[in-house]
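As structure tokens, the structure follows; a few thoughts come after it.
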Amino acid sequence: SITSDFAVFGKSKGELPLSVENFTATRHNDTRDVTFRWTSVKNAYAYNIYYGIAPDKLFSCIMVYDKSERHFRGLNKDVTYYARIEAISETGVSIKSSIVKF
């Protein structure tokens, strides 16, 4: 049997990335749209934004590579949402940010 396209995932040695700071979520006039912004974290190559309709129901996730802003269109109109973010680096993931309401 031949094995191809084999990948192993795990943690590299080193410190985890710092937590993301200055995370904001700004709704637009069309309330289906939101723009997320944050301060970039050193050595992070991506970010996971978790969002949902309650602070304990952040079941949806948007992954963003190499940016510190993400416009997203996909919310329900006039519904309150909550979100938090984590940084991803070669050494693992950061502690998630505080939850923002939008």
Side-chain angles (χ1 to χ4, degrees):
S1 142
I2 298 174
T3 301
S4 64
D5 297 329
F6 182 71
V8 176
F9 297 94
K11 292 184 180 179
S12 296
K13 290 183 180 180
E15 296 198 21
L16 295 176
L18 297 174
S19 293
V20 177
E21 295 182 351
N22 304 313
F23 179 58
T24 62
T26 306
R27 292 293 273 274
H28 296 260
N29 288 335
D30 182 341
T31 59
R32 293 174 293 181
D33 296 358
V34 62
T35 299
F36 298 105
R37 291 185 178 89
W38 59 92
T39 301
S40 296
V41 173
K42 183 180 177 181
N43 297 326
Y45 66 82
Y47 302 88
N48 284 327
I49 301 169
Y50 298 95
Y51 70 96
I53 59 170
D56 62 341
K57 295 181 180 179
L58 306 181
F59 301 139
S60 298
C61 182
I62 303 166
M63 183 175 255
V64 181
Y65 290 94
D66 296 325
K67 294 184 181 180
S68 58
E69 180 177 313
R70 173 65 157 88
H71 178 84
F72 177 69
R73 181 181 185 115
L75 304 176
N76 291 319
K77 281 188 168 191
D78 304 319
V79 172
T80 300
Y81 283 87
Y82 300 84
R84 64 191 329 181
I85 189 171
E86 67 186 3
I88 305 167
S89 75
E90 296 295 330
T91 57
V93 297
S94 70
I95 294 172
K96 291 179 180 76
S97 71
S98 297
I99 294 174
V100 296
K101 179 180 175 180
F102 59 99

The test is side-chain contact (heavy atoms from CB on, under 4.5 Å); show your working for V34 and L75 and say whether it passes. CA-CA 8 Å; V34 62; L75 304 176; 3.8 Å; yes
Pair F36, I62 - check side-chain contact (heavy atoms from CB on, under 4.5 Å), show working. CA-CA 11 Å; F36 298 105; I62 303 166; 4.1 Å; yes
Kindly indicate, with the supporting measurements, whether the criterion side-chain contact (heavy atoms from CB on, under 4.5 Å) is fulfilled by E86 and I95. CA-CA 6 Å; E86 67 186 3; I95 294 172; over 6 Å; no
Assess the residue pair E90 and Y45 against the criterion (side-chain contact (heavy atoms from CB on, under 4.5 Å)); give the C-alpha distance rounded to whole Å, side-chain angles, the decisive distance to 0.1 Å, and a yes or no. CA-CA 8 Å; E90 296 295 330; Y45 66 82; 3.9 Å; yes
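Considering all non-hydrogen atoms of both residues, P55 and I99 come closest at O-CD1, 3.7 Å. For V41 against S19, the heavy-atom pair with the smallest separation is CG2-O, 4.1 Å. Looking at every heavy atom in both residues, H28 comes nearest to T26 through CD2-O, 3.6 Å. The shortest heavy-atom contact between A83 and F102 is CB-CE2, 3.6 Å. L18 and S94 make their closest contact through O-CB, 3.3 Å (heavy atoms, listed as atom of the first residue, atom of the second, distance).
With values rounded to the nearest 0.5 angstrom, N43 atom CG is found 12.0 Å from L16 atom CG. Here K42 contributes atom NZ and S89 contributes atom OG; the two are 11.5 Å apart, rounded to the nearest 0.5 Å. R37 CZ to H71 NE2: the interatomic distance, rounded to the nearest 0.5 Å, is 10.0 Å. We find the CD1-CG distance between I49 and L58 to be 12.0 Å, quoted to the nearest 0.5 Å.
A donor-acceptor pair under 3.5 Å links the side-chain atoms of T91 to the main chain of E15, judged by distance alone. For T31 (side chain) and D78 (main-chain N/O), a donor-acceptor pair under 3.5 Å exists by modelled atom type. In this structure, R84 contributes its side chain and S97 its backbone to a donor-acceptor pair below 3.5 Å.
For an aromatic pair to be called close, the ring centres must be under 6.0 Å apart, and Y50 with F59 fails this. Ring centroid separation for the pair Y51 and F72 comes in under the 6.0 Å cut-off.
Between F23 and V100 the shortest side-chain heavy-atom distance falls below 4.5 Å. Using a 4.5 Å heavy-atom threshold, the side chains of E69 and T35 count as touching.
Tested against D33, the residues R27, K77, R73 include a single salt bridge (Lys or Arg N to Asp or Glu O under 4.0 Å) partner, R73. Checked against Y47 for a side chain to side chain contact (heavy atoms under 4.5 Å, CB included), the options I88, D66, I85 give a single hit: I85.
Y81 does not carry K101 over the face of its six-membered ring by the limits of under 6.0 Å from the centre and within 45° of the normal.
Take Y82 and apply the side-chain hydrogen bond (donor to acceptor under 3.5 Å, both in side chains) test, not counting sequence neighbours, and it matches no residue. Applying the side-chain hydrogen bond (donor to acceptor under 3.5 Å, both in side chains) criterion to T39, with sequence neighbours excluded, gives N22.
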